[in-house]
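Let me begin by presenting the structure, written as structure tokens, before commenting on it.
Side chains included, hydrogens not; waters and symmetry mates left out as well; all remaining heavy atoms used. Note that the structure is a prediction, hence the values are computed from the model and not measured.
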Amino acid sequence: MATKTATTLRSSLTLFVSLLLFIGAIFSTHFLFSPFDNPTTGYSPRKTILTPLTRHNHTDTASAVSKQPLKKLEIQLNCTLGNLTRTCPASYYPLKFTEQNEASTSSPPPPTCPDYFRWIYDDLWHWRETGITKEMVMRAKRTADFRLVIVNGRAYVETYHKAFQSRDTFTLWGILQMLRRYPGKVPDLDLMFDCVDWPVLKTEFYRHPKAPAPPPLFRYCGNDSSLDIVFPDWSFWGWPEINIKPWETLSKDLKKGNEKMKWTDREPYAYWKGNPVVAETRRDLLKCNVSEKQDWNARVYAQDWAQEEKQGYMQSDLASQCIHRGLMPLQHYWPIKDKDKCRSIKHAVDWGNTHEQEAQAIGKAASDFIQEQLKMDYVYDYMFHLLSEYAKLLKFKPTVPRKAVELCSEAMACTAEGLTKKFMLESMVEGPSDAIPCNMPPPFGPAGLHSILDRKENSIKHVDSWEQQYWKNISKQQRRF
């Protein structure tokens with residue numbers, strides 16, 4: 001099996017995030033995804049409610065009641081005054097799926113998971129023969145921000161470093177919601193998580209015969225030259241520092257924003273807005289902006305997030321930015337050369353403006369992928385299957401670390417404030433799912449994998465040849481004048 005090539009999912013399953021501006025951009029800013037009663041704090045504390053399944057007597061006097069459907073189990077926050085000390089209730093999660101789930105066994109089987117779930121096997125392929133020992137896990141501590149242990153359906157975390165902004169907070173929050181969704185189904189596990197964007201486990205270091213087995217390390221993105229295990233981006237549950245709503249809400253806003261303006265009425269430019277100082281490739285992108293000397297068909301905006309926060313995020317609402325023509329790959333995006341961005345962008349936009357139907361089809365395919373295959377149901381199922389497959393590789397029985405603290409929704413949300421609390425309550429799973437996770441598709445076979453890689457490589461070669469011919473034609477026209 002080859003190394004990971006899941007660029008469609010990567011960070012966003014992470015992969016994830018540059019797609020969120022779907023029809024709006026070639027490039028996008030990396031944003032890693034109910035009314036409330038209290039106008040000061042922005043939330044209304046929830047009352048403790050545990051709604052059990054309704055049990056019915058099958059007697060003549062209760063025959064009418066017995067026909068009523070079972071009520072769904074809902075587990076709401078216990079934020080009473082005595083529970084604001086970051087402690088977890090003794091019966092926080094049900095120990096197993098409820099009768100409600102068992103009663104639905106006669107219902108149709110769950111659907112097969114989207115094809116990108118197959119990359120889970122690829123991400124874990126490197127430990128298929130050796131398994132994962134505790135020593136391997138501990139070697140991943142070098143760059144990890146936290147260690148997560150799940151034992152008997154309860155989560156424990158040992159923090160090593162505070163991650164940038166709220167990345168670790170909302171990653172852990174998302175895992176807790178997955179445990180609420182599938183109580184008792186997540187196996188015991190022990191893992192290390194690094195909340196920094198860029199991969200650190202270089203494949204080449206572990207290729208030589210005497211190299212040690214790579215330490216398993218989870219993060220939000222990966223690439224073809226690294227072994228980091230890709231996990232869904234924290235912003236699926238919200239990014240309060242830049243006012244990014246939880247994905248359940250944001251995806252609906254984006255769909256509405258995308259429908260506000262017809263494709264043919266959009267501005268015919270490549271569009272990007274973000275913080276350019278975080279990476280050299282972003283600073284290089286600024287050179288592609290319009291100037292007195294040159295127009296590369298790009299409109300690039302540097303975002304000052306500190307200033308934007310003071311202004312109430314008025315210029316950073318994603319749903320209102322769907323006014324530009326987007327070119328996303330020959331199927332979902334259009335590849336741009338990293339070392340020749342400006343010329344590559346100009347060619348891409350000119351191609352889209354002269355092949356309007358094809359460009360619109362690319363944008364629609366990307367938009368459909370976002371709305372249909374990156375639903376929160378699939379995000380939780382991806383997490384469930386990834387962690388389940390990872391747990392199968394463990395060669396040791398996970399135990400709670402001495403310095404770890406138990407984590408639950410009460411411990412995180414009851415003491416949270418402002419947008420952090422608002423987003424947590426907005427993205428909280430109310431109770432166990434009434435359906436089991438989607439069925440994992442089989443791993444890629446050698447022929448299938450090579451076919452995917454060949455299609456990807458050939459598509460990039462096609463774009464490269466078109467681009468070369470494009471600039472040759474421009475050069476000829478300029479010589480004529």
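- Rounded to the nearest 0.5 Å, atoms CD1 (Ile336) and OG (Ser344) are 4.0 Å apart.
- Remark: Lys202 engages no residue in a side chain to side chain donor-acceptor pair (under 3.5 Å) (not counting sequence neighbours).
- The closest side-chain donor-acceptor pair between Thr143 and Asp194 falls under 3.5 angstrom.
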I would like to know whether Arg219 and Val230 meet side-chain contact (heavy atoms from CB on, under 4.5 Å); could you show each step before the answer?
-> CA-CA 5 Å; Arg219 72 172 62 252; Val230 177; 5.8 Å; no
Requested in this report: List the steps, then state whether side-chain contact (heavy atoms from CB on, under 4.5 Å) holds for Asp122 with Ile120.
Outcome: CA-CA 5 Å; Asp122 193 63; Ile120 289 175; over 6 Å; no
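- Every residue meeting the side-chain contact (heavy atoms from CB on, under 4.5 Å) condition with Arg455, not counting sequence neighbours, appears here in chain and number order: Ser451, Ile452.
- Counting heavy atoms from C-beta on, the side chains of Leu407 and Leu176 come closer than 4.5 Å.
- Distance check: Arg139 CZ to Leu201 CG gives 9.5 Å after rounding to the nearest 0.5 Å.
- A donor-acceptor contact under 3.5 angstrom links the side chains of Glu241 and Ser166, judged on distance only.
- Judged as a salt bridge (charged side-chain N to carboxylate O under 4.0 Å, His left out), not a single pair has a partner in residues 439-453 (not counting sequence neighbours).
- With sequence neighbours excluded, the residues satisfying side-chain contact (heavy atoms from CB on, under 4.5 Å) with Asp368 are Lys364, Glu372.
- Inter-residue side-chain proximity for Tyr160 and Asp145 is flagged as unmet; no heavy-atom pair is nearer than 4.5 Å.
- With contacts defined as side-chain heavy-atom distances shorter than 4.5 Å, the pair Tyr390/Asp123 does not qualify.
- Salt-bridge check for Asp115 with Arg118: passed, with a basic side-chain N closer than 4.0 Å to an acidic carboxylate O.
- Side-chain contact between Met383 and Pro232 is present, with at least one heavy-atom pair separated by less than 4.5 Å.
- Closest non-hydrogen pair, Cys221 versus Pro199, comes out as O-CG, 3.9 Å.
- For the atom pair CG of Leu217 and CE of Met192, the computed distance is 9.0 Å after rounding to the nearest 0.5 Å.
- The two atoms that bring Phe170 and Gly238 nearest to each other are CG-O, 3.7 Å, heavy atoms only.
- Checked by atom type and distance alone, the side chain of Thr203 pairs as donor or acceptor with a backbone atom of Ser225 at under 3.5 Å.
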- Checking side-chain hydrogen bond (donor to acceptor under 3.5 Å, both in side chains) for the pair Asn223/Ser226: CA distance, chi angles, key distance, verdict? CA-CA 6 Å; Asn223 55 35; Ser226 66; 3.0 Å; yes
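- Contact of the Tyr206 side chain with the His126 side chain is not registered, since no non-hydrogen atoms from C-beta on lie closer than 4.5 Å.
- You'll find the side chain of Asp188 stays beyond 4.5 Å of the side chain of Arg154, heavy atoms only.
- Using a cut-off of 4.0 Å between Lys/Arg side-chain N and Asp/Glu carboxylate O, Lys341 and Asp284 are scored as salt-bridged.
- Partners of Thr249 according to the side chain to side chain donor-acceptor pair (under 3.5 Å) rule, which considers only residues two or more places apart in sequence or in another chain, are Glu426.
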*Where do Phe146 and His161 land on the side-chain contact (heavy atoms from CB on, under 4.5 Å) test, with the steps shown first?*
CA-CA 7 Å; Phe146 64 82; His161 313 100; over 6 Å; no
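- Remark: aromatic rings of Trp119 and Phe444 are close, center separation under 6.0 Å.
- Listed by chain and number, the residues in a side-chain contact (heavy atoms from CB on, under 4.5 Å) with Lys375 are Tyr378 (sequence neighbours excluded).
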Please walk me through it: do Glu204 and Arg207 pass salt bridge (Lys or Arg N to Asp or Glu O under 4.0 Å)? CA-CA 5 Å; Glu204 59 182 359; Arg207 275 180 174 166; over 6 Å; no
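- Scanning for side chain to side chain donor-acceptor pair (under 3.5 Å) contacts around Lys141 gives an empty result, with sequence neighbours left out.
- Of the inter-residue distances, the one linking Trp237 atom CH2 with Met424 atom CE reads 12.0 Å to the nearest 0.5 angstrom.
- Under the side-chain contact (heavy atoms from CB on, under 4.5 Å) criterion, Asp377 pairs with Arg181, not counting sequence neighbours.
- For Phe164, the CZ atom sits in a loose shell: 12 or fewer heavy atoms of surrounding residues, nucleotides or ligands are nearer than 6.0 Å.
- Shown here for Leu189 and Ala391, the closest heavy-atom pair between the two residues is CB-CB, 4.2 Å.
- Using a 4.5 Å cut-off on side-chain heavy atoms (C-beta onward), Ile229 and Trp127 make contact.
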Practice task
Show your working on side-chain contact (heavy atoms from CB on, under 4.5 Å) between Leu172 and Leu148 and close with a plain yes or no.
Solution key: CA-CA 9 Å; Leu172 291 167; Leu148 173 73; 4.2 Å; yes
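- Checked by atom type and distance alone, the side chain of Asp233 never pairs as donor or acceptor with a backbone atom of Tyr220 at under 3.5 Å.
- Here the NE2-CE distance, from His385 to Met440, works out to 6.0 Å after rounding to the nearest 0.5 Å.
- Smallest separation of non-hydrogen atoms from Leu419 and Pro240: CD1-O, 3.6 Å.
- A donor-acceptor contact shorter than 3.5 Å is absent between the side chain of Glu248 and the backbone of Ser427.
- At a threshold of 4.5 Å between non-hydrogen side-chain atoms, the residues Tyr116 and Leu374 count as touching.
- Under the ring pair (Phe, Tyr, Trp, His ring centres under 6.0 Å) criterion, Phe384 pairs with Tyr182, sequence neighbours left out.
- In summary, the side chains of Tyr380 and Ser433 do not present any donor paired with an acceptor at a separation below 3.5 Å, with no hydrogens or angles considered.
- A distance-only check finds a donor-acceptor pair linking the side chain of Lys421 to the backbone of Ala413 [under 3.5 Å].
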ask   = Could you go step by step and tell me if Asp190 and Arg147 meet the salt bridge (Lys or Arg N to Asp or Glu O under 4.0 Å) rule?
value = CA-CA 7 Å; Asp190 189 341; Arg147 177 184 181 186; 2.6 Å; yes
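- The CZ atom of Phe423 sits 9.5 Å away from atom CG of Leu250, with the distance rounded to the nearest 0.5 Å.
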- Message: Could you walk me through whether Lys162 and Asp168 satisfy the salt bridge (Lys or Arg N to Asp or Glu O under 4.0 Å) test, starting with their C-alpha distance in whole Å, then the side-chain angles of each, then the deciding distance to 0.1 Å, before giving a yes or no?
- Response: CA-CA 8 Å; Lys162 181 66 186 79; Asp168 50 353; 2.8 Å; yes
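- Every pair passing disulfide bond (SG atoms under 2.5 Å apart) that includes a residue from residues 415-454 is listed here, sequence neighbours excluded: Cys113-Cys438.
- The side chain to side chain donor-acceptor pair (under 3.5 Å) check on Thr420 picks up nothing, with sequence neighbours excluded.
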Side-chain polar contacts of residues 393-403 - donor-acceptor pairs under 3.5 angstrom, sequence neighbours left out - could you list them?
none

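- Looking only at atom types and distance, the side chain of Ser409 has a donor-acceptor partner in the side chain of Gln177 under 3.5 Å away.
- Using cut-offs of 30° and 60° on the angle between ring planes, the pair Phe218 and Phe231 is perpendicular.
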